Number of protein chains: 2
Amino acid sequence: MEDPIAESLAESQKEISVAEFFERNRQMLGFDSSARSLITCVKEGVDNSLDACEEAGYLPDLYIEITEKNDEYKVVIEDNGPGVIKKQIPKIFGKLLYGSRFHKFVQSRGQQGIGISAAVLYGQLTTGKSARIISKISPDDPAHLYEININTDTNEPEITRDEVVDWTRPHGTRIEIHLTGMYVKGRRQSIYNYLKTTGIANPHARITFVEPGEKRTVFERAVNELPPKPKEIKPHPAGIELGTLLKMMRKTESRQLNAFLKNEFTRVGKTTAQEICETANLKPQAEIKKMGRKEAKKLINAFKQVNLISPPTDCLSPMGRDRIEKGLSKEYPEAEYITATTRSASVYSGNPFIVETGIAYGIQKPEEEKIDLLRLANRVPLLYQRGGCVTTKAIKDIDWRRYELNQSGGTGIPKGPAVIMIHVASTNVPFTSESKDAIANVEQIRNEVERAVRETARNLKKYLKRQKRISQRKSKRNVIQKIIPDMAQKLQKITGKQTKNTEQVIAKINNNFLVTTNITKNQNHHTATINLENHDRTKKEIQINLPLTDQLIEAKPKPKKQISEDHITLQWNRQLSSGEKDKLKLKIKTPKNQKPNIKPQITGIPKEILTITQTGENQNDQ
Amino acid sequence: MEDPIAESLAESQKEISVAEFFERNRQMLGFDSSARSLITCVKEGVDNSLDACEEAGYLPDLYIEITEKNDEYKVVIEDNGPGVIKKQIPKIFGKLLYGSRFHKFVQSRGQQGIGISAAVLYGQLTTGKSARIISKISPDDPAHLYEININTDTNEPEITRDEVVDWTRPHGTRIEIHLTGMYVKGRRQSIYNYLKTTGIANPHARITFVEPGEKRTVFERAVNELPPKPKEIKPHPAGIELGTLLKMMRKTESRQLNAFLKNEFTRVGKTTAQEICETANLKPQAEIKKMGRKEAKKLINAFKQVNLISPPTDCLSPMGRDRIEKGLSKEYPEAEYITATTRSASVYSGNPFIVETGIAYGIQKPEEEKIDLLRLANRVPLLYQRGGCVTTKAIKDIDWRRYELNQSGGTGIPKGPAVIMIHVASTNVPFTSESKDAIANVEQIRNEVERAVRETARNLKKYLKRQKRISQRKSKRNVIQKIIPDMAQKLQKITGKQTKNTEQVIAKINNNFLVTTNITKNQNHHTATINLENHDRTKKEIQINLPLTDQLIEAKPKPKKQISEDHITLQWNRQLSSGEKDKLKLKIKTPKNQKPNIKPQITGIPKEILTITQTGENQNDQ
């Protein structure tokens with residue numbers, strides 16, 4: 001009898017090391033095209049450095065240098081972070097799936113323990129050269145230099161050099177990687193642009209960048225304070241997975257159910273724990289180690305029914321509305337309108353997250369082109385896989401025509417001179433791949449992105465509608481202001497009668513607010529009448545300020561007075577409904593009964609609908 | 001002195017198990033939304049089963065069943081493959097990065113050793129239930145049943161049940177996974193559609209599918225033969241990475257350079273090895289273990305300079321032009337035009353690959369909608385991440401207006417009632433993530449996809465241009481055929497003169513080919529003249545067939561004769577340049593000198609430009 005085929009097949013069934021897996025599938029780590037590989041290498045190093053500095057409480061001061069020699073690039077990334085202790089250096093940089101942030105519930109750029117060792121792996125794969133790491137943990141400790149390779153068969157570091165060296169920094173880490181790649185400039189997907197955007201999202205960081213050819217750029221700090229350090233939390237019960245819960249139940253040191261709930265979850269206190277137990281129909285004192293799948297399922301259902309407080313946001317480090325607006329206006333100084341919003345925290349699968357958005361409108365960009373999209377996750381700009389990102393999907397699904405932007409067919413990326421920024425901050429951003437380019441289509445995140453974008457879009461809509469009204473009004477006004485006086489003149493010629501002031505007519509047609517000052521001379525004083533006429537469609541609340549250097553005899557209605565050194569300012573607050581008229585009357589005495597200077601200043605009304613004029617009678621006076 | 005921060009940070013630096021990594025990042029494996037998770041689970045099982053059957057040489061006969069109970073789905077996938085030996089079952093299904101195909105240079109669906117254990121992991125995570133596997137390796141062996149979990153801390157299987165059971169299949173594997181998800185129908189992204197497309201790409205497979213609600217569909221085999229089994233090969237020198245080469249040099253059992261080159265690479269024989277050594281300026285007898293980075297770099301450069309034969313294609317299993325066309329016409333029976341192409345093999349980073357494309361035009365789809373895109377990798381339909389796929393990028397970059405399809409702005413997915421199918425077959429498809437949804441933007445692949453698509457697009461263009469010409473000609477002809485006779489009649493009325501036959505005029509205007517038969521009666525015979533006039537712009541080669549039941553006295557020029565029982569057929573082959581005329585003359589004797597029946601049949605000219613008529617004189621005869 002022949003051996004079953006399965007026997008011979010079994011011979012080749014074996015374990016695959018994670019390092020050889022990614023050596024073969026380096027595109028999953030962001031190392032596909034040569035241009036992108038160089039960007040990814042820098043990105044992984046910078047992410048690492050920023051995380052390290054912030055974790056230790058140092059204002060990041062990064063140095064990035066790229067040099068080219070014989071088709072090979074050398075990338076240097078240096079930081080003033082806390083450094084890595086000698087023993088850990090080889091594993092941190094020479095082993096995939098090794099790190100400190102994976103098991104923590106706190107926002108950080110790196111979470112996977114893959115990034116920087118992936119860059120080392122790629123360098124080794126393309127140039128055969130070891131990565132060089134120098135790290136120093138305090139001014140009193142020596143700096144250690146390591147050269148390491150990754151043994152891809154075992155996913156373990158191989159040390160090829162190990163010495164103590166002199167290094168100028170008091171503490172920090174420097175990594176040098178040789179790799180093949182392509183240095184590109186002037187594109188959205190470039191190292192320069194990545195660092196620039198990183199600077200905007202991290203205004204507390206100074207980044208010095210030396211390009212091939214030694215051109216040096218310093219992206220300076222905009223603020224001298226670190227953002228509040230995010231605090232580690234426990235998972236939130238909302239949306240936690242059954243398997244995860246079972247694992248937590250197995251691993252907990254708590255003995256009883258209520259203690260387990262209180263100790264292992266955020267936002268679960270004594271009362272909530274009690275409530276969960278009741279809803280799940282489980283005894284609070286039930287022994288956790290005796291519970292299984294059935295009980296876990298009851299708990300999961302209870303989590304959904306009990307009213308839980310949103311997760312704390314101090315595990316997250318959002319940029320905040322203010323910084324987004326500042327960041328956008330720094331990058332797009334030409335923008336005519338900027339708005340931003342930060343949503344409150346939400347949860348998916350037990351992970352808290354916050355979505356923030358900003359829109360800058362009126363940037364240098366042709367009207368008919370699609371808007372720009374600036375995607376960020378945990379303050380890291382995302383450059384690739386735009387189409388596969390949940391943020392893009394959310395944007396495409398909005399009918400932007402409702403928000404005054406062009407969009408063919410009411411779906412897809414809208415058109416216009418605008419940029420939309422979206423920042424997703426989370427203790428665990430669900431990326432679609434290890435290269436961390438796109439956020440997966442997680443329903444809760446998609447919904448929050450949509451809400452956040454709609455919030456800013458509503459502001460934009462208001463602005464654009466107003467701009468539209470103003471521009472319509474302006475063109476109407478321009479036409480009318482040309483026609484009416486012409487007509488008046490012609491009428492005058494035909495009838496021989498002098499026409500009245502045309503301003504009032506124009507204001508009426510234009511729905512304007514008309515302020516007319518009329519001054520008449522009396523025996524030993526002047527009378528000034530300020531006529532207010534609201535021809536607009538809505539009620540107006542205005543303040544009239546009238547600086548006066550002459551002597552006031554009387555004013556009706558009675559104004560407030562602000563007295564300065566050489567003049568007083570009269571102040572009135574008036575409300576006028578649509579169509580209403582009002583009148584302010586003053587008696588003024590001037591030296592030698594000269595004509596007084598009456599120039600009322602009006603606030604509370606947009607300039608474009610305000611007409612201030614003096615009547616003909618007054619003009620005749622001159 | 002305080003301890004450096006690095007010391008305390010080091011405490012949390014530790015290894016991350018690949019299972020817990022993917023437990024946290026299950027979206028990378030294709031388990032993000034609930035609808036997609038169910039599809040991914042089926043997909044991984046089906047891929048596995050098809051690979052197993054084909055590897056063992058069995059015609060696949062798959063059974064997929066999905067049932068729902070209390071918000072949970074049970075997915076069953078059963079095959080008639082070779083089965084898995086008892087010892088290997090737990091690892092194959094309960095350990096990530098474990099399998100038989102990763103280290104082989106041969107086309108297969110699964111390559112990663114992740115897919116099916118990822119489905120097990122997801123089931124366990126969402127329902128807490130173990131996966132159940134039954135496998136039998138031959139009719140003489142017992143069937144083994146295992147229930148397993150994955151310990152995510154260690155990435156090792158945990159066996160919860162292990163017994164021998166009765167099973168009807170002579171050999172094969174059955175897996176049952178419980179998971180939460182959502183069953184969707186009638187969408188492109190659905191299990192039904194995935195299985196249907198799988199059937200098209202794998203016409204040798206029978207797939208039985210039982211949906212929730214017990215609706216049963218059988219996707220029957222279209223062919224009863226397995227595709228040729230792809231053969232394992234060695235890597236091809238083209239584009240091999242320095243690091244990979246160094247690793248091969250370390251691992252080889254060959255002692256000398258020339259032996260190493262010959263033994264470890266495909267397409268390197270004695271002569272080529274010699275040539276490579278010469279080009280690299282290295283001695284063929286050089287000891288491989290003494291060589292390092294510098295020598296490897298020289299070899300890499302030599303690989304680029306030496307003329308290497310393309311990799312063998314027998315490691316690949318493309319569908320072939322014929323099967324693509326058949327597959328498309330099966331799925332789109334309404335299509336009016338189908339074309340396909342299979343490129344020859346190419347290489348990226350040492351991996352051979354082949355790109356195939358097909359286009360079906362005239363499918364049921366609104367003109368103004370974007371065309372459909374059917375993406376396949378190693379015969380597996382790709383359903384998600386379309387935007388991130390190199391195939392989509394290649395399609396978008398083509399100016400489709402040059403190929404007679406609409407495309408706004410000359411970029412992006414074109415519009416029209418068409419579907420474009422793209423199949424990339426490779427020993428290692430570079431997917432952007434473990435979920436295998438999108439092929440990474442690898443330059444060599446993008447170029448080949450573009451070339452393949454352009455090839456089929458050129459065929460489509462020819463077809464569409466012809467269709468356009470025909471429809472233009474038709475409408476012109478319709479107009480002219482209405483106008484000319486009307487005009488002729490009016491002229492006749494005015495002038496009183498009888499107008500000549502208008503057909504010739506119409507043919508001339510329409511650039512038609514005109515065939516006019518004129519029959520005159522003589523004393524005891526008839527003379528028939530067949531006039532040929534080529535008014536078309538190009539030369540025409542035609543064949544005239546004339547069936548004749550009467551007696552032929554004479555024919556000029558001399559025709560070929562085909563004699564049947566009751567008639568003869570006269571045959572002439574004539575060539576007429578544009579504008580040329582020709583004449584065929586016959587003398588025919590009929591009983592009682594009745595008028596003969598002369599009906600020439602013309603081939604070699606599109607029907608729409610052919611006008612066959614009889615002259616007025618003949619008409620007068622009647």
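Hydrogens, waters and symmetry mates are skipped; everything else that's a heavy atom, side chains included, is used. No experiment lies behind these values; they were computed from the predicted model shown.
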Closest contact, heavy atoms only, [X] versus [Y]:
{"X": "B:Q112", "Y": "A:I16", "answer": "O-CD1, 3.3 Å"}
{"X": "A:S12", "Y": "B:K104", "answer": "OG-NZ, 3.5 Å"}
{"X": "B:G128", "Y": "A:R293", "answer": "O-CD, 3.2 Å"}
{"X": "A:S349", "Y": "B:R26", "answer": "OG-NH2, 3.8 Å"}
{"X": "B:S100", "Y": "A:Q13", "answer": "CB-CG, 3.6 Å"}

Could you tell me which residues satisfy ring pair (Phe, Tyr, Trp, His ring centres under 6.0 Å) with [X], sequence neighbours excluded, listed by chain and number?
{"X": "B:Y58", "answer": "B:H171"}
{"X": "B:F102", "answer": "none"}
{"X": "A:F431", "answer": "none"}

Which region of [X], side chain (C-beta onward) or backbone (N, CA, C, O), has a non-hydrogen atom less than 4.5 Å from a non-hydrogen atom of chain B, or is it both or neither?
{"X": "A:K14", "value": "both"}
{"X": "A:I137", "value": "both"}
{"X": "A:I114", "value": "side chain"}
{"X": "A:E72", "value": "side chain"}

Atom pair [atom1]/[atom2] of [X] and [Y] - distance to nearest 0.5 Å:
{"X": "B:I85", "Y": "A:I5", "atom1": "CD1", "atom2": "CD1", "answer": "13.5 Å"}
{"X": "B:L242", "Y": "A:K129", "atom1": "CG", "atom2": "NZ", "answer": "9.5 Å"}
{"X": "B:S138", "Y": "A:E7", "atom1": "OG", "atom2": "CD", "answer": "9.0 Å"}
{"X": "B:N428", "Y": "A:Q27", "atom1": "CG", "atom2": "CD", "answer": "7.0 Å"}

Within-4.5 Å side-chain heavy-atom neighbours: [X] and [Y]:
{"X": "B:E15", "Y": "A:L97", "value": "no"}
{"X": "B:D141", "Y": "A:P4", "value": "yes"}
{"X": "A:T432", "Y": "B:M28", "value": "no"}

Under 4.5 Å, heavy atom to heavy atom, which residues of residues 433-443 of chain A contact chain B?
A:S433, A:E434, A:A440, A:N441

Test side chain to side chain contact (heavy atoms under 4.5 Å, CB included) applied to A:Q124 and B:L246, step by step
CA-CA 10 Å; A:Q124 161 182 332; B:L246 281 166; over 6 Å; no

Kindly determine whether A:F21 and B:V18 satisfy side chain to side chain contact (heavy atoms under 4.5 Å, CB included), including the steps that lead there.
CA-CA 11 Å; A:F21 176 79; B:V18 67; over 6 Å; no

Given salt bridge (Lys or Arg N to Asp or Glu O under 4.0 Å), test B:R24 with A:E241 step by step and report yes or no.
CA-CA 10 Å; B:R24 173 86 60 84; A:E241 226 94 40; over 6 Å; no

Decide side chain to side chain contact (heavy atoms under 4.5 Å, CB included) for B:T127 and A:K297; before the verdict, give the C-alpha distance in whole Å, the side-chain angles of both, and the deciding distance to 0.1 Å.
CA-CA 8 Å; B:T127 68; A:K297 213 161 176 184; 6.0 Å; no

Which bit of B:Y348 comes within less than 4.5 Å of chain A, counting heavy atoms only: side chain, backbone, both or neither?
neither

Sort out for me which of B:G387, B:G123, B:A10, B:P430 touches chain A most, counting heavy-atom pairs under 4.5 Å.
B:P430

